[in-house]
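Single-structure report; data block below.
These numbers come from a predicted model, not from an experiment.
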Amino acid sequence: CAKAEGRGTYRVFESQMGAQVRDRRLLEHDLRSALVSRQLSLVYQPQVDLETGEVSGFEALVRWNHPERGAVPPSTFIPIAEETGLILQLGEWVMRTACTQAAGWTAPLMIAVNVSAVQLHAPNFVAFVEKLLVETGLAAERLEIEITETAMIRNMNRALANLRQIKALGIRVAMDDFGTGYSSLSNLRAFPFDRIKVDQSFIRSVHDNDQSAAIVRAVLGLGKGLNLPILAEGVERLEELDFLKDEICDAAQGYWFSRPEDISAFEDVVRGTSKTLSGQKVVPLKRRA
Ligand code: C2E
Ligand code: MG
Ligand code: MG
Ligand code: MG
């Protein structure tokens with residue numbers, strides 16, 4: 001009886017695996033058409049300078065509105081895109097759309113774009129971005145690319161060479177999700193990042209979790225020592241923000257300020273008629289220590 005049960009369980013497991021594999025193939029197939037049939041869009045999340053309380057720029061985040069499934073999260077389709085190579089096309093679409101958007105803003109705000117390892121290792125990546133800046137008229141200094149640590153690890157030398165060329169163009173480079181990868185500290189030494197984005201898992205409840213608080217303080221100390229600005233990701237609560245301001249964190253991003261939205265939600269900021277988010281309690285000025 002136990003044996004039969006075991007076999008049944010295995011069969012259920014096997015068929016679930018089969019279903020997952022089939023589902024992935026379907027998504028992969030659909031993603032190809034998504035690229036050409038306008039199912040992708042970008043939402044933008046403000047990044048706030050904690051010294052002034054002003055919006056300094058926006059991070060572009062890709063969205064896929066699937067005709068039958070509705071919203072498919074990036075955590076589902078980005079890995080599929082990376083494994084199939086579709087990320088090259090998708091990444092170019094994201095970069096082109098974000099740069100075109102930002103070039104049209106009245107206020108010269110920063111635009112941060114996530115770049116995958118696969119893109120970073122593509123031989124034509126730097127040339128593509130360089131050409132795009134010319135085409136869109138976006139100043140290189142207004143573009144920041146966000147790299148995750150895992151993106152660096154796969155082929156360190158090629159990644160570093162491309163990143164150096166990117167920096168030579170005047171584009172800024174941020175290390176995304178800091179603290180969650182494998183070799184954060186050696187990566188920091190290997191490449192001159194312009195800033196560090198501390199992963200949201202450390203920011204969550206930083207005000208009442210001693211471990212998180214110690215880690216965030218240590219990263220802020222590291223930033224100070226290396227002269228690297230720190231942005232805290234995923235700030236959801238006022239208590240978290242207050243902690244970060246007390247500890248002199250440079251910048252923050254998260255639902256407390258705003259969820260990622262269609263750019264029309266930030267019309268007054270991008271037109272330069274407001275420097276802070278509408279309906280937002282203005283963050284009090286904080287003098288640097
Ligand atoms: P990420 O670059 O670290 O982006 C931050 C993620 O945290 C976003 O999720 C954002 O919506 C979410 N987030 C922001 N503030 C908060 C908060 O206060 N609380 C919580 N719980 N979440 C918050 P999203 O948009 O689902 O993107 C997930 C990841 O997918 C991104 O992480 C990034 O690694 C990747 N991704 C998104 N767009 C792109 C893209 O255009 N290209 C590439 N290569 N990757 C992308
Ligand atoms: Mg990011
Ligand atoms: Mg992140
Ligand atoms: Mg992430």
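- Counting only residues at least two apart or on different chains, the salt bridge (Lys or Arg N to Asp or Glu O under 4.0 Å) pairs with a member in residues 62-78 are Asp23-Arg69.
- Proximity of a side-chain donor or acceptor of Asn209 to a complementary backbone N or O of Ser212 within less than 3.5 Å is detected.
- Summarising the geometry of Trp64 relative to Leu27, their closest heavy-atom pair is CH2-O, 3.6 Å, with the distance given to 0.1 Å.
- Annotation: side chain of Glu146 is not in contact with side chain of Val115 (no heavy-atom distance under 4.5 Å).
- Side-chain contact between Tyr255 and Val235 is absent, with no heavy-atom pair separated by less than 4.5 Å.
- Residues satisfying the ring pair (Phe, Tyr, Trp, His ring centres under 6.0 Å) criterion with His29, sequence neighbours excluded, are absent altogether.
- In this structure Phe125 satisfies the ring pair (Phe, Tyr, Trp, His ring centres under 6.0 Å) test with no other residue, sequence neighbours excluded.
- Note on Lys197 versus Glu59: salt bridge recorded, some NZ/NE/NH1/NH2 to OD/OE distance being below 4.0 Å.
- Checked options Leu244, Ile248, Ile230; the residue passing with Leu50 is Leu244 (criterion: side chain to side chain contact (heavy atoms under 4.5 Å, CB included)).
- With contacts defined as side-chain heavy-atom distances shorter than 4.5 Å, the pair Pro108/Arg142 qualifies.
- Counting heavy atoms from C-beta outward, Asn114 and Asp176 have side chains that approach closer than 4.5 Å.
- Using modelled atom types, one side-chain atom of Thr273 and one backbone atom of Asp268 make a donor-acceptor pair closer than 3.5 Å.
- By the rule that hydrophobic residues join a cluster once side-chain heavy atoms approach within less than 4.5 Å of another member, Leu185 and Ile215 end up as members of one cluster.
- Side-chain contact check for Ser116 and Glu82: at least one donor-acceptor pair (N or O, by modelled atom type) lies under 3.5 Å.
- Across every non-hydrogen atom of Ile203 and Gly234, the tightest pair is CG2-O, 4.2 Å.
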Please tabulate, one pair per line, all N/O donor-acceptor pairs under 3.5 Å involving side-chain atoms of residues 90-97, not counting sequence neighbours.
residue, atom, partner, partner atom, Å
Arg96, NH1, Glu135, OE1, 3.1
Thr97, OG1, Trp93, O, 2.7

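- In summary, the side chains of Glu233 and Gln253 do not present any donor paired with an acceptor at a separation below 3.5 Å, with no hydrogens or angles considered.
- Between Tyr44 and Phe266, the ring centre distance reaches or exceeds 6.0 Å.
- Ion pair Arg24/Glu28 not flagged as a salt bridge, since none of the NZ, NE, NH1 or NH2 atoms sits closer than 4.0 Å to an Asp/Glu carboxylate oxygen.
- More than 12 heavy-atom neighbours from other residues, nucleotides or ligands sit within 6.0 angstrom of NZ on Lys167.
- Judged by distance alone, the side chains of Asp30 and His66 do bring a donor and an acceptor atom under 3.5 Å apart.
- Distance alone, capped at 3.5 Å, is enough to place a donor-acceptor pair between the Glu240 side chain and the Glu236 backbone.
- Applying the salt bridge (Lys or Arg N to Asp or Glu O under 4.0 Å) rule to Arg172 yields the partners Glu144; only residues at least two apart in sequence or on another chain are considered.
- A distance-only check finds a donor-acceptor pair linking the side chain of Ser56 to the backbone of Gln47 [under 3.5 Å].
- The one candidate from Ile263, Val269, Leu138 that meets the side chain to side chain contact (heavy atoms under 4.5 Å, CB included) condition with Trp105 is Ile263.
- Taking both residues in full, the closest heavy atoms of Phe257 and Ala252 are given as CE1-CB, 3.7 Å, listed atom of the first, atom of the second, then distance.
- Without hydrogens or angle criteria, Arg158 side chain to His121 main chain gives a donor-acceptor distance under 3.5 Å.
- Closest heavy-atom contact between Met110 and Glu141: SD-O, 3.2 Å.
- Sorted by first and then second residue, the salt bridge (Lys or Arg N to Asp or Glu O under 4.0 Å) pairs involving residues 109-122 (not counting sequence neighbours) form an empty list.
- Of the inter-residue distances, the one linking Ser41 atom OG with Leu61 atom CG reads 10.5 Å to the nearest 0.5 angstrom.
- When all heavy atoms of Ala60 and Ile111 are compared, the pair lying nearest together is CB-CD1, 4.2 Å.
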